[in-house]
Protein chains: 2
Amino acid sequence: MNKSSLCPRFEKAMSLLSQRWTGLIIHQLLEGPQRFCTVETSISISGRVLSERLKDLEQQGIVIRNVYPETPVRIEYSLSDKGYALAPVLHEIENWAEHWVEIDDTGK
Amino acid sequence: MNKSSLCPRFEKAMSLLSQRWTGLIIHQLLEGPQRFCTVETSISISGRVLSERLKDLEQQGIVIRNVYPETPVRIEYSLSDKGYALAPVLHEIENWAEHWVEIDDTGK
DNA sequence: TCATTAACTTACTTTATGTAAGTAACTATA
DNA sequence: TATAGTTACTTACATAAAGTAAGTTAATGA
């Protein structure tokens, strides 16, 4: 009654990457470690969801959370090796977008 | 107040690909033209959403809808060039999944 | 006329996301 | 000592997206 041939690893990867914001968060962190508010404003995600996503991604070993007990406390999020390994995926998307995506002025 | 550097084409591509099911639908159609019910059962998506997605993808020139007036009518969905151009993206995801995704027995 | 089949729609429920205000922990300033 | 500022979150509530299941349409064969 369920799907036939789908590789469960691939399926899991897809369900991760097809969550809203996940790809953009990783793309953002590819530029280097960043704090919560930086990511929040650079991709205009809501704090509620960003918090949720970072927790997920940390739990899956894709994102690493570093705490610097300065004043006020500084927390930086960065990518693990597993996270950096997603760079080719993002680059292929960029590549496709360059070649095939048109921008319509009618807003989004 | 909005994001800074995000390329609008990339952003559009991401908002497409980070919709639930979109990636799996395209992955499925990479195997060749298929009818509605085939896609529906092979990725276990609800008909309501599949119908919605196929309409979207058709409108964006990624999917092509072909009608064969047989009995009962046969409708096949296939990928356009723009759609096939997404193959490298899906392959990179498969590649990443093979190397980095572990399957936990605790269900999904 | 009734049943069958595929491709959708529609109505309704559940889940995910957005918005905005609130909290915790710390420090600099009055 | 009290007040306000800073960052990283939470919480409560509203809206949007997705799931479920039943219904519709169109063509044909029994």
Side-chain angles (χ1 to χ4, degrees), chain A residues 1-3 6 11-12 14-29 32-60 63-79 107-108, chain B residues 1-3 6 11-12 14-29 32-60 63-79 107-108:
Chain A
M1 203 268 250
N2 219 359
K3 76 287 325 288
L6 265 186
E11 220 186 324
K12 199 173 168 190
M14 283 306 294
S15 85
L16 176 84
L17 292 171
S18 67
Q19 266 189 102
R20 202 178 295 187
W21 300 115
T22 303
L24 284 177
I25 291 168
I26 291 164
H27 181 257
Q28 188 65 28
L29 291 181
Q34 284 169 64
R35 38 209 316 192
F36 191 92
C37 63
T38 308
V39 179
E40 191 176 12
T41 57
S42 48
I43 63 179
S44 49
I45 186 182
S46 75
R48 202 190 68 66
V49 177
L50 178 56
S51 172
E52 202 172 289
R53 287 291 183 281
L54 287 172
K55 234 172 258 172
D56 269 15
L57 291 169
E58 194 192 350
Q59 198 157 28
Q60 297 188 54
V63 158
I64 297 168
R65 183 178 190 268
N66 280 107
V67 182
Y68 302 92
E70 301 171 355
T71 254
V73 67
R74 179 164 59 99
I75 295 173
E76 280 194 342
Y77 294 91
S78 56
L79 294 176
K108 207 237 270 323
Chain B
M1 206 270 248
N2 220 0
K3 75 288 326 286
L6 266 186
E11 220 185 325
K12 200 174 168 189
M14 286 304 295
S15 83
L16 176 84
L17 293 171
S18 68
Q19 266 188 101
R20 202 177 294 188
W21 302 113
T22 302
L24 284 178
I25 292 168
I26 291 165
H27 180 257
Q28 188 64 27
L29 291 181
Q34 283 168 65
R35 37 209 315 190
F36 192 93
C37 63
T38 308
V39 179
E40 191 176 9
T41 58
S42 49
I43 63 179
S44 50
I45 185 181
S46 74
R48 203 190 67 66
V49 176
L50 178 56
S51 169
E52 200 174 291
R53 286 289 183 281
L54 287 172
K55 235 172 257 173
D56 268 16
L57 291 169
E58 194 191 351
Q59 197 158 29
Q60 296 187 54
V63 159
I64 298 168
R65 184 177 189 268
N66 280 108
V67 182
Y68 302 93
E70 301 170 356
T71 252
V73 67
R74 179 164 59 98
I75 294 173
E76 280 194 343
Y77 294 91
S78 57
L79 294 175
K108 206 236 267 337

Please find the pair of heavy atoms, one from Leu16(A) and one from Thr22(A), that lie closest to each other, and give the distance. O-OG1, 3.4 Å
Roughly what angle, to 10°, lies between the helix axis at the start of the helix from dT1(C)-dA30(D) to dA30(C)-dT1(D) and the one at its end, five pairs per end? 30°
Would you indicate whether the side-chain heavy atoms of Ile75(A) and Asn66(A) approach each other to under 4.5 Å? no
So what does Glu70(B) touch, heavy atoms closer than 4.0 Å: a base, only the sugar-phosphate, or nothing? nothing
Name all residues meeting the side chain to side chain donor-acceptor pair (under 3.5 Å) criterion together with Glu40(B); count only those two or more places apart in sequence or in a different chain, and write none if there are none. none
Under 3.5 Å between N/O atoms: give me all the protein pairs with nucleotides 2-4 of chain C, atom names plus distance.
none

With sequence neighbours excluded, what pairs up with Gln59(A) under the side chain to side chain donor-acceptor pair (under 3.5 Å) test? none
Does the Gln34(B) side chain pair with the main chain of Gln28(B), one donor and one acceptor, at a distance under 3.5 Å? yes
Return the set of residues passing salt bridge (Lys or Arg N to Asp or Glu O under 4.0 Å) with Glu52(B) (not counting sequence neighbours), or none when no residue passes. Arg48(B)
Can you tell me if Ser42(A) uses its side chain to pair, donor with acceptor, with the backbone of Val39(A) under 3.5 Å? yes
With sequence neighbours excluded, tell me which residues meet side chain to side chain donor-acceptor pair (under 3.5 Å) with Arg65(B). Tyr77(B)
Salt bridge (Lys or Arg N to Asp or Glu O under 4.0 Å) filter on Glu58(B), not counting sequence neighbours, yields none
Going by the rule side chain to side chain donor-acceptor pair (under 3.5 Å), which residues pair with Gln60(A) if we only count those two or more places apart in sequence or in a different chain? none
Nearest heavy atoms of Gly23(A) and Met14(B), plus distance in Å: CA-CE, 3.3 Å
Shoot me the first and last contacting nucleotide of DNA chain D against chain A, ordered 5' to 3', at under 4.0 angstrom to non-hydrogen atoms. dT6(D) to dA17(D)
Atom-pair distance (CG on Leu50(A); C1' on dT19(C)), nearest Å: 15 Å
Those residues that, when tested against Arg35(A), pass side chain to side chain contact (heavy atoms under 4.5 Å, CB included) (two or more places apart): Cys37(A), Thr38(A), Arg74(A)
For nucleotides 5-15 of chain C, give me one character per nucleotide, 5' to 3': B if any protein heavy atom sits under 4.0 Å from the base, S if the only such contacts are to the sugar-phosphate, - if neither. BSSSSBB----
When rounded to the nearest 0.5 angstrom, what distance separates CD in Gln19(A) from CG in Asp56(A)? 5.5 Å
